[in-house]
Each structure stands twice: as C-alpha cells, then as structure tokens.
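Report on the structure given below.
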Amino acid sequence: MDSAAPQTSRFPWRYALAGVCAALILFCSAQALSVFFANTSSPLVALGSTIIDFTPAWLKDWAIKLFGTNDKLFLFVVLTVVAAVLAGLVGLLARRNMRAAVTLVGVLAFILGVSVLSWSNASLVDVVPTLMGAVLGLGVLVWLTDVARRAAASSSLNTEPNPTETGAARRKFLLGATGSAALSLPAVGVAQTFRGAQNVVESARSALGLPPAKVKVPALPSGADLKVTGVSPFMTPNEDFYRIDTALSMPRIGPQSWSLRVHGMVEHEFTLTYDELVAKDLVEHYLTLICVSNEVSGDLVGNAKWLGYPLREILKQASPLPGADMVLSTSKDGFSASTPLEVLTDTREALLAVGMNGEPLPLDHGFPVRVVVPGLYGYVSATKWVVDLEVTRFQDKAAYWTSRGWSERGLVKMSSRIEAPRSFAQVPTGSVVFGGTAWAQTIGISKVEVQIDDGPWQEAELSTLVFADTWRQWRYEWKDATSGSHTATVRATNSGGELQTQTPADPAPDGASGWHRLQFTVA
Ligand SMILES: Nc1nc2c(c(=O)[nH]1)N[C@H]1C(S)=C(S)[C@@H](COP(=O)(O)O)O[C@H]1N2
Ligand SMILES: [Mo]
C-alpha cells in the first residue's frame, strides 16, 4: 500500500499544489473583486502593465514580431507559468517554515499593491481587491498545508500513523484543491460578464451617433478593389483591423468626460471637449495605417475611412511659437508619440479622428478620439485615447518608443507584398493568379512589377488609385505556369518614379524594407 511507503524520498507535491491553489485563490478573488473597483484595480492587469513598462525594448519587439496582435496573450501565458512555479515554491517553503512563507506572500502582495497604486489615476481603495485576495490566498495556504501535513502523517516520525485519519486528510486535500480551482475560475468568468454588462463606456459608444461630415470623400470607384482571392479587401473591416498598443487594460473614456489639452510652446493654450470637437467642420479621409514593427509581407497594416478634424486647424488656433518643431501627443494611459510639427501643419489630412469606417472609433482603436497622420508609422503619430497635445521640441521631449530605442522619426517606407498565393503554396498548372497590396503613403503607388524566378519584370494590373494615402491592390496572371518549384518577387514604384529599395532592413529602428519574395510549387 502506498500509505505504508516512506514518502520522504518522493516529491512533496501536495505542498506545492497547496501553494498553487493559494495563488489561484489570491489572483482570482482579487480579479473578481476588482469589478467593484476601478478597471485598474486588478492586480493581474497592474502586474502585467508594470512588467510591460519594465520589459527591455528588445524583448518587447521580439514579442510583437513573433506574436503580433497576440503579444498580450503570450505575456499572460508566461506570467501564469512563472506565477505557478513561484507559488509551488512558496508551498514547499510553507511546509518547512510557515512563517517565512507567509512573510514572502506578504511581500509579494505588497509589490502587487504598489503596482496597482502606481497607475496614474489610482486611488487608495483600488488596493482593496489585492489585499482581500492576499488574505484569502494566505488562508488557503495555511489550511491546505496543514491538511497536506496530516495527509502525509504516515511518513512522519513524530506523529502516530493513523490510516483512517490519513485517508480522510487525503480526501480533504483533494476536495480543497479541486474546490479552490472550481471556485476561482468561474468566479472570474461571472465577474467579467458583470463588468461587461455594466460597461458604461461601451454603451455610451453604441448610443453615440457618428457626427456628420462637412467634407465627404467620394464613394469608392468600383475598381478600387480587384477582388483577387486571398488578397486583403481594399477597406479593412474594423473587427479585422490590426491592433497594437501597450494597454493591457484599455482606457475607457466616456465622450462626456473626454477633453484635450493643447499647450506648450503656443500663444493660446486651450482645452477642447468632445462636444466642441464634433461641432466643428469634420472631414473624411481614406488612410492606410501601418505599424513600424511590420515585417516585409507582414499584416500589421490596415486601410480605413476616418472621420475627424484636421490637426492643422487645431494648431492654427493654438498658434505655435517660433522654435517649436514637434507635437507630443499623449494618451490617457501614458503612451506618447512625437510628430514633427511641420507634418501636422502642412496640407495633408492629419486628423483628430472620432470615426472609423462609418462608426465611432472602436474602444480598442482609441475611443473616443485618436490621432491619424498620413505618411508616418503609428508609433510616432497615431495616439489612441489622446488627451494631451504639447507643442514642444525634439531636443526637449522623447516619446514612448523613442526612449526605447526606436527612431525619433518614422516615415512610412514604400512597401509591396504578395498575398496570393501564400508562401510555399501548391497551385495547379495552367494559369496562376498573383495578387497583393502596395503602399507609399502621401505619394502613392504608380507601378507594381512581378518577377517569376529570374525572368523579366512584368507589370501588374493595379486597382484604381483612390488617394495617395491609401494602398493599391495589384494583380498579375502567369498564364502558362510550368510545373515545379518557383519563386515570385514583387517591387513597387511610387508616383515620383522612385523604385522601392531592394536593401533589406529589419523593422527596428525605423521600419522594414526590401522586396518580398516567396516560394511556391506548380503541380
Ligand atoms: N495610446 C496608445 N496609442 C497608440 C499605441 C499605444 O501603444 N498606445 N500604439 C501606436 C502604434 S505602435 C500603432 S502601430 C498604432 C496602431 O493603431 P491600431 O491599434 O488602431 O491599429 O497605434 C498607435 N497608438
Ligand atoms: Mo506600431
């Protein structure tokens, strides 16, 4: 019988498990309780955000590169694994020295509490969920460790082995352990649903109509979308639009509580409310937005119809002082972007945007107000949940990503990609249809060429040009495809006659470049 065997040589898994259960209770109860407090009172979110802020830039870049939009999921998986291992170790420590374990959990809870309170607008009560979670977690740790000790009593030298008692303790441990798991996970689920239901900002958004546009863009010409199978649609639906930001917990700002402070090196500082903004002459604009982290052929790019007010008008009203050369736009959650002042005051449609594809901005794309600027990567221009515009100088202020090693300026590089067929696809003999997109914001694409193997460059058919700020689709048909393995390469030329550079560059520090080439097989 197992109970008769000495257990000292075996791994004391019950103690480790007691630690894991305690951590589960701590985090889940705190998460569930955080529903009744500010959105930022969840210790999980606070810890994750603190980690994001302290993660070295190279690691962050690597995570975005590898996981793209799933980078936050990746963070949570890593966090869960690390927390589970740590909790197991705490459990093992509790077996030897309960007082030391309790102190350690106290210290960890303190760190959690500090990260909750370090949010810019956190108040002292926001720490309550973390505290209550820590108390419950400690209770579970002490209790389960005790049960585990009694369950292992048969192997202990200074207790009388009593098979019935040991058996009962083992059942109790099993019940306690499964019970904590069975209670904590659904509690989080119920709490999150509750939070969703009471999400006033989302309901404010749905109730909000889109303000009217004073200047409408013409309807899309029928040739704007070539409708090649496998190629991104000309207009990216909001739900498919890539999302990149540092916000684990999305800032939720109701339109009525939103305001924008315009200040710094200006003659007239002022504050703008949402109602004031949408009462202005809003304009529509088609613009392809792209992330600097996008690889050649990557998918961190999307095209939308934006509705907003030109930033050049906002700046005209503020009247920048001589010497100013940059506008630092800051988000509610602290992210910031530095945009050259001249870019925001020239004729391009740099917008303080409130609408995206005919709807108010989705919450995760910056509701209620964000910036979009033609010709610049998102990290130096497209601040979501924007609440502050400071006119300043590049030499005086550095934006979020600039201080993490990315270039101060981020001009979008001309790019083209093959989307159909996919890399390493097998296509039937006969004719092969190639398709993709190309962009050169503010200048426009005038030509796309495709090369099969080492053959001559062939001009592709282009979709109708909508604006210089939007991408163009291309299509090329290889009529008599010969069977075997082949490569296809694509390159673009902009309306200024400039050929896309062949020189490969990584996304860091100022955007990827190089011609996209892929392999495929005709069989
Ligand atoms: N508040 C905030 N705005 C932000 C960011 C951010 O991290 N926080 N990321 C920027 C980056 S790097 C990009 S590429 C775009 C992406 O915008 P999207 O998520 O709407 O596609 O938002 C920009 N605006
Ligand atoms: Mo980005």
Side-chain angles (χ1 to χ4, degrees), residues 121 199-219 238 241 250-287 289 304-321 324 327-333 335-337 339 341 343-374 376 381-391 467 469:
N121 43 7
N199 190 337
V200 282
V201 174
E202 181 57 69
S203 35
R205 178 185 175 269
S206 351
L208 196 72
L210 194 65
K214 175 81 179 208
V215 183
K216 282 186 169 294
V217 279
N238 286 354
F241 208 96
M250 251 185 323
R252 285 163 211 267
I253 318 168
Q256 292 316 316
S257 55
W258 179 87
S259 69
L260 178 76
R261 184 170 168 233
V262 184
H263 65 113
M265 297 174 67
V266 293
E267 255 170 61
H268 314 288
E269 300 198 344
F270 61 93
T271 301
L272 191 71
T273 67
Y274 187 79
D275 287 339
E276 286 165 352
L277 173 63
V278 296
K280 293 181 184 291
D281 292 346
L282 304 183
V283 303
E284 287 181 337
H285 189 59
Y286 291 109
L287 167 65
L289 184 67
K305 183 171 85 176
W306 307 91
L307 172 71
Y309 188 62
L311 275 158
R312 110 179 68 81
E313 299 297 333
I314 297 278
L315 289 163
K316 192 187 284 174
Q317 191 184 334
S319 185
L321 297 175
V327 176
L328 189 73
S329 53
T330 306
S331 147
K332 175 83 177 171
D333 69 350
F335 169 90
S336 60
T339 312
L341 180 63
V343 164
L344 298 181
T345 43
D346 68 15
T347 54
R348 78 185 81 188
E349 290 301 27
L351 298 181
L352 207 47
V354 294
M356 181 177 182
N357 289 329
E359 296 173 26
L361 288 175
L363 261 59
D364 51 357
H365 292 290
F367 183 79
V369 183
R370 78 174 302 172
V371 178
V372 284
V373 181
L376 299 184
S381 65
T383 304
K384 304 192 271 189
W385 314 290
V386 65
V387 291
D388 191 288
L389 293 181
E390 181 182 359
V391 178
F467 275 117
D469 294 337

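For clarity, every value in this text was computed on a predicted model and none was experimentally measured. Because only heavy atoms are used, hydrogens play no part in the values below, and waters and symmetry mates are left out as well, while side chains stay in.
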Original post:
Does the side chain of Leu260 reach to within under 4.5 Å of the side chain of Leu277, using non-hydrogen atoms?
Top reply: no
Original post:
So, Lys384 side chain and Asp364 main chain: donor-acceptor pair closer than 3.5 Å or not?
Top reply: yes
Original post:
Should Gln256 and Asp275 be marked as a side-chain contact (heavy atoms from CB on, under 4.5 Å) after you check the CA-CA gap, both sets of side-chain angles, and the distance that decides it?
Top reply: CA-CA 8 Å; Gln256 292 316 316; Asp275 287 339; 3.4 Å; yes
**OP:** Please confirm whether the backbone N or O of Ile253 pairs with a side-chain atom of Ser257, one donor and one acceptor, at under 3.5 Å?
**Re:** no
**OP:** Indicate the atoms forming the closest heavy-atom contact of Leu210 with Pro360, along with that distance.
**Re:** CD1-N, 3.6 Å
Original post:
What's the spacing between Thr339 OG1 and Leu311 CG if we round to 0.5 Å?
Top reply: 8.5 Å
**OP:** Would you check if Glu390 and Ser336 make a side-chain contact, meaning some heavy-atom pair closer than 4.5 Å?
**Re:** no
**OP:** State, yes or no, whether a side-chain contact exists between Leu272 and Val262 at a heavy-atom distance under 4.5 Å.
**Re:** no
Original post:
What is the distance from atom CZ of Phe335 to atom OG of Ser329, rounded to the nearest 0.5 Å?
Top reply: 7.0 Å
Original post:
Parallel, tilted or perpendicular for Trp258 and Tyr274, by the 30°/60° rule?
Top reply: perpendicular
Original post:
What is the distance from atom NZ of Lys216 to atom NZ of Lys305, rounded to the nearest 0.5 Å?
Top reply: 6.0 Å
Original post:
In terms of ring plane angle, is the pair Phe241 and Trp306 parallel, tilted or perpendicular, where the classes change at 30° and 60°?
Top reply: perpendicular
**OP:** Return yes if a side-chain donor-acceptor contact under 3.5 Å exists between Asn238 and His365, otherwise no.
**Re:** no
**OP:** Look at the side chain of Trp385 and the backbone N and O of Leu363, then say whether any donor-acceptor pair between them is shorter than 3.5 Å.
**Re:** yes
**OP:** Using side chain to side chain contact (heavy atoms under 4.5 Å, CB included) as the criterion, point out the one residue from Val373, Val372, Val327 that pairs with Ser381.
**Re:** Val373
Original post:
What's the shortest heavy-atom distance between Ala318 and Val266, and which atoms?
Top reply: O-CB, 3.4 Å
Original post:
Can you name the closest pair of heavy atoms from Pro374 and Arg348 and give their distance?
Top reply: O-NH1, 2.9 Å
Original post:
Any side-chain donor-acceptor pair under 3.5 Å between Ser331 and Asp333?
Top reply: yes
Subject >> Any donor-acceptor pair under 3.5 Å from Glu313 side chain to Pro310 backbone >> reply: no
Original post:
Between Arg370 (side chain) and Ala382 (backbone), is there a donor-acceptor pair under 3.5 Å?
Top reply: yes
**OP:** Look up atom CG in Leu351 and atom CD1 in Ile314, then write down how far apart they are to the nearest 0.5 Å.
**Re:** 10.5 Å
**OP:** Would you name the heavy atoms of Leu341 and Ala324 that are closest together and state the gap between them?
**Re:** CD2-O, 3.5 Å
Original post:
Can you tell me how far CG of Asp388 sits from OG1 of Thr383, rounded to the nearest 0.5 angstrom?
Top reply: 10.0 Å
**OP:** First locate atom CZ of Phe367, then atom CZ of Arg205, and finally report the distance between them rounded to the nearest 0.5 Å.
**Re:** 7.0 Å
Original post:
Could Glu349 and Arg312 be called an ion pair, given the rule that one side-chain N must be under 4.0 Å from one carboxylate O?
Top reply: yes
